[in-house]
Amino acid sequence: MSKYAVIGNPIDHSLSPMIHAQFAKQVGLSITYEKILSPINEFSSTVERFIKSGGLGFNITVPFKINAYELTDDCTTTAKAAGAVNTIKVENNTLIGENTDGIGLVNDLCNNLHQSLKDKEILIIGAGGATQGILKPLLDCGPAKILLANRTKDKSLKLAHKFAKYGKVCGFGLDQIKAKPVDIVINATSASIAGKMPEIASGVAEGAICYDLMYGTRTPFMKWAYKNSALKVCDGLGMLVEQAASSFAFWHGKTPQTQPVINLLREKGD
Ligand code: NAP
């Protein structure tokens with residue numbers, strides 16, 4: 001059986017094994033897909049062990065997407081633009097990196113949630129590996145502007161500078177977010193994992209689509225968005241399934257259906 005995995009820290013919460021099992025069932029493939037907890041400073045040795053054990057591909061989650069990019073021998077143009085990788089294919093002992101986070105988010109926002117991004121003002125909070133993956137695909141949809149705010153201001157400034165060639169994007173610190181409403185607020189911090197919501201000006205969410213990359217029925221960001229008069233509040237389950245479908249296609253050359261899997265996971269979560 002072909003062997004796949006997701007590597008992260010923490011990893012217990014990951015739904016990826018269930019999603020890939022459903023996709024494999026849909027297209028009649030026989031695979032295994034496990035969760036691997038990597039110690040923070042041992043990502044490359046964790047990868048090495050997995051490959052030695054016969055691993056053919058793996059997903060990478062918090063906080064290793066940038067380490068994963070550095071480990072690859074070659075990358076797709078999407079992954080190169082991102083400088084972060086969430087999917088690796090092992091081919092003839094070389095590691096080929098891809099980043100499917102951006103296409104996953106865009107597919108969920110545009111196809112599943114029927115939102116247009118054209119000419120919209122989008123605020124992203126967080127400037128980690130996930131943000132690196134979503135910036136170009138979002139800018140490719142033609143928003144008016146992307147505002148990029150991060151706790152460590154320097155990181156958002158650097159990312160804004162790096163992605164400016166793809167569209168209008170400006171970086172600043174979380175404390176510089178204005179109370180003025182935007183069209184879409186995306187939470188790309190990992191604060192939700194620790195049950196936290198960063199302190200930001202609440203007026204920014206009024207009448208906005210608020211989207212948490214983290215999934216769950218009521219994440220701290222979602223509670224904050226409801227409390228601050230958001231128009232629509234969404235978690236990242238749809239994105240999770242969409243990015244997994246693109247990873248699956250990258251490995252197996254077959255595109256699975258996402259909606260039945262999203263529905264199944266929503267039912268299980270109720
Ligand atoms: P990461 O590379 O570790 O980056 C974490 C980001 O969160 C950094 O910008 C960090 O700010 C910020 N942060 C962490 N704790 C914070 C706090 N208490 N207050 C303010 N900011 C805080 O993680 P990542 O890979 O970008 O992932 C981010 C989130 O997206 C995670 O929740 C992950 O599960 C989710 N995600 C979901 C999907 C999906 O398919 N739905 C896909 C990708 C990622 P500093 O730079 O200041 O440290």
Side-chain angles (χ1 to χ4, degrees), residues 6-20 35 38 40 43 59-70 78-79 82-87 98-109 112-113 123-135 137-138 147-160 171-177 185-201 210-217 219-222 224 234-248 258 261-262 265-266 269:
V6 56
I7 303 176
N9 186 333
I11 200 65
D12 254 5
H13 66 286
S14 176
L15 296 176
S16 295
M18 202 190 291
I19 296 170
H20 282 271
K35 295 185 219 184
S38 169
I40 294 294
F43 177 69
N59 286 121
I60 303 94
T61 186
V62 179
F64 299 123
K65 291 181 186 181
I66 297 164
N67 310 64
Y69 175 72
E70 285 159 4
T78 311
V85 146
N86 76 337
T87 308
E98 168 63 301
N99 193 313
T100 65
D101 281 339
I103 190 68
L105 175 62
V106 167
N107 282 346
D108 193 38
L109 279 168
N112 301 335
L113 301 167
L123 168 68
I124 301 177
I125 59 171
T131 298
Q132 286 188 211
I134 65 177
L135 268 172
L138 286 174
L147 307 169
L148 180 57
N150 194 45
R151 180 175 61 180
T152 310
K153 181 177 162 184
D154 196 40
K155 268 163 87 177
S156 50
L157 289 177
K158 279 193 183 134
L159 277 196
F172 43 91
L174 288 181
D175 54 346
Q176 291 168 296
I177 296 174
V185 182
I186 295 173
N187 178 29
T189 72
S190 54
S192 288
I193 297 177
K196 291 186 184 150
M197 168 62 203
E199 269 186 39
I200 62 168
C210 286
Y211 191 106
D212 198 346
L213 296 199
M214 174 81 184
Y215 44 86
T217 42
T219 66
F221 172 79
M222 291 167 79
W224 171 87
C234 315
D235 75 343
L237 186 74
M239 170 182 174
L240 180 77
V241 176
E242 294 293 343
Q243 61 80 28
S246 295
S247 297
F248 190 90
T258 51
V261 181
I262 295 173
L265 292 175
R266 291 267 179 235

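We count ligands from 1, going down the list as the structure has it; atoms in each ligand are counted the same way.
- At least one N or O atom of Gly236, backbone or side chain, sits closer than 3.5 Å to an N or O atom of ligand 1.
- When non-hydrogen atoms are compared, ligand 1 lies under 4.0 Å from the side chain of Asn150 (C-beta onward) but not from its backbone.
- Each of Ile19, Leu240, Asn112 was checked for a side chain to side chain contact (heavy atoms under 4.5 Å, CB included) with Ile262, and the lone residue meeting it is Asn112.
- The heavy atom nearest to atom 32 (O) of ligand 1, considering only Thr189, Val62, Thr131, Ile60, is found in Thr189.
- Against a heavy-atom cut-off of under 4.0 Å, Leu213 is close to the following atoms of ligand 1: 30 (O), 35 (C), 36 (N), 37 (C), 38 (C), 39 (C), 41 (N).
- Among all non-hydrogen protein atoms, the one lying nearest atom 2 (O) of ligand 1 is Gly129 N, 2.9 Å.
- Using a 4.5 Å heavy-atom cutoff, the side chains of Ile60 and Tyr69 are not in contact.
- Of all atoms in ligand 1, listed by their number and element, those nearer than 4.0 Å to a heavy atom of Thr152 are 45 (P), 46 (O), 47 (O).
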Legend entry - Asp235 and Thr217: CA distance, side-chain angles, deciding distance, side-chain hydrogen bond (donor to acceptor under 3.5 Å, both in side chains) verdict: CA-CA 7 Å; Asp235 75 343; Thr217 42; over 6 Å; no
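- Close contacts between ligand 1 and Ala127 involve ligand atoms 9 (O) [criterion: under 4.0 Å to a heavy atom].
- Nearest protein heavy-atom neighbour of atom 48 (O) of ligand 1: Arg151 NH2, 3.0 Å.
- Only side-chain heavy atoms of Lys155 come within less than 4.0 Å of ligand 1; its backbone N, CA, C and O stay farther off.
- At the top of the distance list for atom 5 (C) of ligand 1, counting protein heavy atoms only, stands Ser190 OG, 3.4 Å.
- Atoms of ligand 1 lying under 4.0 Å from any heavy atom of Asp101, numbered from 1 in the order shown and given with element: 42 (C), 43 (C).
- Residue-level proximity to ligand 1 for Ile193 is carried by the side chain, the only part with a heavy atom below 4.0 angstrom.
- In terms of protein heavy-atom proximity, atom 40 (O) of ligand 1 is nearest to Leu240 CA, 3.2 Å.
- The shortest distance between side-chain heavy atoms of Ser14 and Thr61 does not fall below 4.5 Å.
- Only the side chain of Lys65 comes within 4.0 Å of ligand 1, counting heavy atoms alone; its backbone N, CA, C and O stay farther away.
- Side-chain contact between Met239 and Tyr211: present, with at least one pair of heavy atoms (C-beta onward) separated by less than 4.5 Å.
- Two residues are said to be in side-chain contact when any heavy atoms from C-beta on lie closer than 4.5 Å; Leu159 and Gln132 meet this criterion.
- With Leu123 as the fixed residue, the side chain to side chain contact (heavy atoms under 4.5 Å, CB included) test singles out one of Val185, Ile186, Asn187: Val185.
- How far NE2 of His20 is from CG of Leu15: 11.0 Å, rounded to the nearest 0.5 Å.
- In this structure, His13 and Tyr215 have tilted ring planes: the angle between them lies in the 30° to 60° band.
- Ligand 1 has Ala188 within reach: a non-hydrogen atom of the residue lies less than 4.0 Å from it.
- Across Ala191, Gly128, Gly133, heavy-atom proximity to atom 4 (O) of ligand 1 is greatest for Gly128.
- Protein heavy atom in closest approach to atom 26 (O) of ligand 1: Ala130 N, 2.7 Å.
- Each of the following atoms of ligand 1 lies closer than 4.0 Å to a heavy atom of Gly126: 9 (O).
- Under a 4.0 Å heavy-atom criterion, Ser192 is not in contact with ligand 1.
- At least one side-chain heavy atom of Ile177 sits under 4.5 Å from a side-chain heavy atom of Ile125.
- Annotation: side chain of Pro137 is not in contact with side chain of Leu105 (no heavy-atom distance under 4.5 Å).
- Between the side chain of Asp101 and the backbone N or O of Ile134, no donor-acceptor pair lies under 3.5 Å.
- With respect to atom 20 (C) of ligand 1, the closest heavy atom belonging to the protein is Pro198 CG, 3.6 Å.
- Take Lys158 and apply the salt bridge (Lys or Arg N to Asp or Glu O under 4.0 Å) test, not counting sequence neighbours, and it matches Asp154.
- With ligand atoms numbered from 1 in the order given, ligand 1 contributes 40 (O) to contacts under 4.0 Å with heavy atoms of Gln243.
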